Amino acid sequence: MTGSSATARKALSKIACNRLQKELLEWQVNPPAGFKHKVTDNLQRWVIEVNGAPGTLYANETYQLQVDFPEHYPMEAPQLVNVVLLPVYILYDSWSPAMTVSSICISILSMLSSSTVKQRPEDNDRYVKNCRNGRSPKETRWWFHDDKV
């Protein structure tokens, strides 16, 4: 790792390493449809390609998702970077150690597939500014502007 992220992140615990190796093996055998793991030598940061589902606003579009795992994963939620247009609240308030990278990906695809409008949330600019000032997305309290969420 290089840059400031290397100094900010602690090495994975043995439990986290074992869990991620197990998840990676499962991914290689049975990857979630619409997702591709870009192979790197860094178990603590996964780069995943997300393909929009056919028949949705995001059909034929590909996005890159970066998943950064904390020292005590799965007891702590991973951090997602570049999650298209939708906040992934399940990683914070609703996180459970039973969740996996595959289940997160399926949730993301479900949220993208159910979108009726392709636009950023009203508060997006303020959120991005806070994150650039060093605030972790995990500290965010999400406000939903869609009463169907």
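The structure presented is a predicted model; accordingly, all values stated were derived computationally and were not measured.
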(request) Answer whether the closest heavy-atom distance between the side chains of Trp46 and Leu20 falls below 4.5 Å. (result)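 Yes, close enough: below the 4.5 Å cut-off.
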
(message) Within the structure provided, determine whether Glu23 and Tyr73 are in side-chain contact (heavy-atom separation under 4.5 Å).
(response) yes

(request) Determine, using the 4.5 Å side-chain heavy-atom cutoff (strictly less than), whether Ile108 and Val47 are members of one ILVMFWY cluster. (result)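 No, it is not one cluster - the side chains of Ile108 and Val47 are not joined through contacts under 4.5 Å.
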
(request) In sequence, state the C-alpha distance, the side-chain angles, and the governing distance for Ser103 and Thr100, and then conclude on side-chain contact (heavy atoms from CB on, under 4.5 Å). (result) CA-CA 5 Å; Ser103 68; Thr100 64; 3.5 Å; yes

(request) Compare every heavy atom of Glu71 with every heavy atom of Ala11, then report the nearest pair and how far apart it is. (result)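 In this case the closest contact between Ala11 and Glu71 is O-CG, 3.2 Å.
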
(message) If you compare all heavy atoms of Ile48 against all heavy atoms of Cys105, which two are closest, and at what distance to 0.1 Å?
(response) CD1-SG, 4.1 Å

In residues 24-41, what donor-acceptor pairs under 3.5 Å come from side-chain atoms, sequence neighbours left out?
from, atom 1, to, atom 2, distance (Å)
Lys38, NZ, Gln64, OE1, 3.3
Thr40, OG1, Asn42, N, 3.2

(message) Quick test of your reading: applying salt bridge (Lys or Arg N to Asp or Glu O under 4.0 Å), list the pairs with at least one residue in residues 103-116, sequence neighbours left out, ordered by first then second residue.
(response) none

(message) Under the salt bridge (Lys or Arg N to Asp or Glu O under 4.0 Å) definition, can you give me all pairs with a residue in residues 101-114, not counting sequence neighbours?
(response) none

Rounded to the nearest 0.5 Å, what separates atom [atom1] in [X] from atom [atom2] in [Y]?
X: Leu57; Y: Thr116; atom1: CG; atom2: OG1; answer: 7.0 Å
X: Cys17; Y: Lys22; atom1: SG; atom2: NZ; answer: 15.0 Å
X: Ile106; Y: Ser113; atom1: CD1; atom2: OG; answer: 11.5 Å
X: Leu43; Y: Arg19; atom1: CG; atom2: CZ; answer: 12.0 Å

(request) List the steps and the verdict of side-chain contact (heavy atoms from CB on, under 4.5 Å) for Arg45 and Gln66. (result) CA-CA 7 Å; Arg45 174 173 285 163; Gln66 178 181 301; 3.0 Å; yes

(request) Can you sort out the partners of Ser114 under side-chain contact (heavy atoms from CB on, under 4.5 Å), two or more places apart, ordered by chain and number? (result)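 For Ser114 there are no side-chain contact (heavy atoms from CB on, under 4.5 Å) partners, ignoring immediate neighbours.
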
(message) Once side chain to side chain donor-acceptor pair (under 3.5 Å) is applied, do any residues pair with Thr56, and if so which ones, sequence neighbours excluded?
(response)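 For Thr56 there are no side chain to side chain donor-acceptor pair (under 3.5 Å) partners, ignoring immediate neighbours.
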
(request) Quick one: list whatever passes side chain to side chain donor-acceptor pair (under 3.5 Å) with Glu61, sequence neighbours left out. (result)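 Residues passing side chain to side chain donor-acceptor pair (under 3.5 Å) with Glu61: Tyr63, Lys118.
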
(request) Take Val67 and Ile104 through the test side-chain contact (heavy atoms from CB on, under 4.5 Å) and record every step on the way to the result. (result) CA-CA 10 Å; Val67 185; Ile104 294 167; 5.7 Å; no

